[in-house]
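Accompanying notes for the structure given below.
Heads up: numbering here begins at 1 and tracks the sequence.
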Amino acid sequence: MTVRPPAFRIPVTVELEREHGGFPWGFRPQPGNHESPPKQERQPAVYHAPKPAHRPRDGNAVGTLRRPERRGFCIGAPPPGPSARPLPTAFPGIPVANAAPLPHKVHHHRGTASPPSCVAMKNHLLRWLLLTLLYPGIPESPVAAQAAAAEPSTPPAVAQRLEAWRAARFGMFIHWGPVALKGTEIGWSRGAQVPAEEYDALYRRFNPTAFDADAWMKTARDAGMKYVIFTTKHHDGFCMWDTKQTDFDIMHSPFGRDVTKELADAARRAGLAFGTYHSVCDWHHADFPLTSPGGTVRRPSSNLDRYESYLRAQIRELVSNYGPLWALWFDVPQEFDARRGQGLIDLARSIQPDLIVNNRSGAPGDYDTPEQQVGKFQMHRPWETCMTICQQWAWKPDDRMKSLEECLHTLVRCAGGDGNLLFNVGPMPDGRIESRQVERLREMGAWLERHGTSVYGTRGGPWKPTRSLASTRRDNTVYLHVLRWPETPESGEIRIPALPKRILASSVLGGGTAVTETVNGELRITVPTEHRRPIDTVVVLQLDGPALDIEPIAVTAGQPGKATASNTFMKMEEFGPEAAFDDDPHSRWATDAGTHRAWIAADLGKPLAVSGVRIREAYPGRVRRFELQVKEALSWKPILRGTTLGEDFRTNFPALTAREVRLEILEATEGPTLYDFTILPAGTTKP
């Protein structure tokens, strides 16, 4: 039962969750480096630092020992009282998939169900610290594990809001402030690219006279977005609302207008929900222990309790004066632990009991927030990918913008994984959103006008997403998003595991024919070339029963055969060579730290004509010299030599017939790690 994509891939089913045996409290070292963690091996319950290479990382970044965020559902508050101003529980035209989460595997931590003794806790903690030092990037501490072991149920008011939030699927993130005058990254460039004194003085000449809150909200609505999250305060401490706690705010700039109030009012006029981003850390405030650059410098004196009082007063202002809020989006807790973080959540919910909160206050919150990458398939806990439309969060001149295909595939893969997409724009210094960004978002909205029924109000699955496919479902309908068709005529049909329900009808959303056939447990789908769409062909499958009853199905990919490698990170199966061939964007082959030479090979099962490869390094730049080889008799013959591979290496070579293909890495600066090793069939002109 295989998909036939435009490449030969080794069939493998990758479990989303595995037993975490062999390490204290179920935690496993993760292969990584000190700069940028690659794709997640599981849905993150910890904070992931921002993507740009120049931007220092913090929180639970790979290679740091700072406090990770805790995992689990947050403790809620009583239902809203009669004085609470209501927020919509659904948006017009968007049904909510009112179904209980699908059953999922529950992993019990090793040991007894009762809390560990102090001695046992100490021993576990010492072992964890040792592993952390040896293997940077362990995702959570033992204390976090104890919190994760007891996940309280979500309060009914919050659960209802979460269902509406899930159904919305698509929101706008806005990073904006005086830093737009410099075109550098918000918060992170303070004390780095821009001296702190200069950065802190930018607000004195910040006068965005072209700012129009209604125009911004029209852009969001035209894009098909249903909610907006605005940065009221980033790590630089500058406040974009009329706060009474400091003069370091928008009201003391030449502009002198409360942009948060204007945006909140404009959002509601446009039928959009409005929420606020608020940084927990504050590298400008004298009482916060850490300062710029990147929160890496500890102040000689500070007072965290006094800073917490300041922060709580600001949160009270925002929730009381700008609500009802759709969500409260915290970020970078640094010195805030679970107790302090939960205190912020409890304060906000004492004012608005149905407020939903993300997982970056220091406490678990209600949903996960993978950053600059699509999250893994996960139905038991909500998640939302936050990602930039360009490369930088704040505005940057001539920043590279994502193509329409990249934008739509990101949205579809999020929905297919049962997550939301919070898509960021960075307005310019004059207060306008760049016209090219506005146009790109309008293009997304035009696509959603035709295909939105396959995104809004759906749940992910039943098939888990791959690079080629994603699927969503509602009631008795499954929407299969074909993102990449097989490129050779003989493999022009999609083949995936059959569903456990009967297909009553099939078609292409927006018009077109789709023919389905089930053979030996395999569903075969054919769509005529003229009915295929260039970016995403949505095949609609009508079933004889509820689609949400179907357990998630892992899609294997490729031709019969197997994958082997000279080395696998700590002999852990999830980082085995199969992960480079499985068409799963969240898995990778990884090798042990200190590995400078290694190989990975594919047995295609039978001799096949091949003419190219595509290879993606998880850590671009590690590979310095390599050979691509095919096996002839008992020896390996080089067919291609090169130096670096990088993030996306593609090449064609004269067609040849081979059963076994090997990539031998002859020199690497650190343990080689590959997202993908794709072997292209002969006749493929675009690797």
Side-chain angles (χ1 to χ4, degrees), residues 2-12 405 409 466-469 482-495 526 529 532 534-535 555-565 577-585 587-589 598-618 620 623-666 672 674-687:
T2 61
V3 177
R4 293 184 177 177
F8 302 129
R9 295 179 179 276
I10 306 302
V12 56
E405 179 177 297
H409 283 191
T466 70
R467 292 190 183 281
S468 304
L469 305 170
V482 183
L483 308 178
R484 187 172 62 179
W485 284 92
E487 295 182 23
T488 52
E490 62 271 17
S491 58
E493 66 181 7
I494 297 296
R495 295 192 178 191
T526 304
T529 305
R532 299 178 188 178
I535 291 179
V555 178
T556 58
Q559 298 293 324
K562 64 180 181 179
T564 54
E578 296 89 353
F581 299 95
D582 63 6
D583 205 36
D584 183 345
S587 63
R588 69 187 192 276
W589 168 60
W599 57 261
I600 179 172
D603 183 337
L604 304 177
K606 61 182 179 180
L608 295 170
V610 298
S611 65
V613 293
R614 179 180 181 184
I615 303 169
R616 299 178 64 242
E617 271 194 275
V623 174
R624 294 298 178 88
R625 190 162 57 92
F626 70 89
E627 280 187 357
L628 188 67
Q629 306 164 344
V630 296
K631 196 166 189 179
E632 292 186 353
L634 298 178
S635 62
W636 291 96
K637 174 186 175 183
I639 60 171
L640 181 69
R641 291 186 174 94
T643 52
T644 58
L645 289 172
E647 187 175 359
D648 194 2
F649 175 82
R650 309 181 187 206
T651 190
N652 285 108
F653 47 79
L656 54 87
T657 300
R659 171 172 172 161
E660 296 181 63
V661 181
R662 184 170 79 171
L663 173 68
E664 182 161 10
I665 298 167
L666 301 170
L674 301 183
Y675 284 153
D676 293 298
F677 180 14
T678 304
I679 303 167
L680 302 169
T684 303
T685 58
K686 184 176 66 175

Interatomic spacing from [atom1] in [X] to [atom2] in [Y] - rounded to 0.5 Å:
X	Y	atom1	atom2	answer
Glu617	Tyr675	CD	OH	10.5 Å
Glu493	Thr526	CD	OG1	4.5 Å
Ile665	Leu674	CD1	CG	5.0 Å
Ile639	Phe653	CD1	CZ	4.0 Å
Ile615	Thr651	CD1	OG1	9.5 Å
Asp582	Trp589	CG	CH2	14.0 Å

inquiry  = Let's go through Leu680 and Val610 carefully: what are the C-alpha distance in whole Å and the side-chain angles of both, what is the deciding distance for side-chain contact (heavy atoms from CB on, under 4.5 Å) to 0.1 Å, and is it a yes or a no?
reply    = CA-CA 6 Å; Leu680 302 169; Val610 298; over 6 Å; no
Nearest atoms (heavy-atom pairs only) where [X] meets [Y]:
X	Y	value
Glu405	Pro534	OE1-O, 4.5 Å
Ser611	Ala655	CB-CA, 4.0 Å
Pro577	Ala563	CG-O, 3.7 Å

Is any side-chain heavy atom of [X] less than 4.5 Å from a side-chain heavy atom of [Y]?
X	Y	result
Thr564	Trp599	yes
Leu469	Val482	yes
Leu645	Leu663	yes

request  = Output yes when a side-chain donor or acceptor of His409 lies under 3.5 Å from a complementary backbone atom of Arg467, and no otherwise.
outcome  = no
message = Any side-chain to backbone donor/acceptor pair from Thr644 onto Gly646? Under 3.5 Å, distance only.
response = no
query = What's the verdict on side-chain contact (heavy atoms from CB on, under 4.5 Å) for Ile600 and Phe581, showing C-alpha distance, side-chain angles and the deciding distance?
reply = CA-CA 11 Å; Ile600 179 172; Phe581 299 95; 3.8 Å; yes
Using a 3.5 Å cut-off and no angle test, enumerate the donor-acceptor pairs between side-chain atoms of residues 623-636 and protein atoms at least two apart in sequence or in another chain.
from, atom 1, to, atom 2, distance (Å)
Arg624, NE, Gly621, O, 3.1
Glu627, OE1, Gln629, NE2, 2.8
Glu627, OE2, Arg641, NE, 2.8
Glu627, OE2, Arg641, NH2, 3.4
Gln629, OE1, Arg662, NE, 2.8
Gln629, OE1, Arg662, NH2, 2.9
Gln629, NE2, Glu664, OE1, 2.8
Ser635, OG, Glu632, O, 3.4

request  = Identify the residue among Asp676, Thr678, Asp648 that makes a side chain to side chain donor-acceptor pair (under 3.5 Å) with Arg614.
outcome  = Asp648
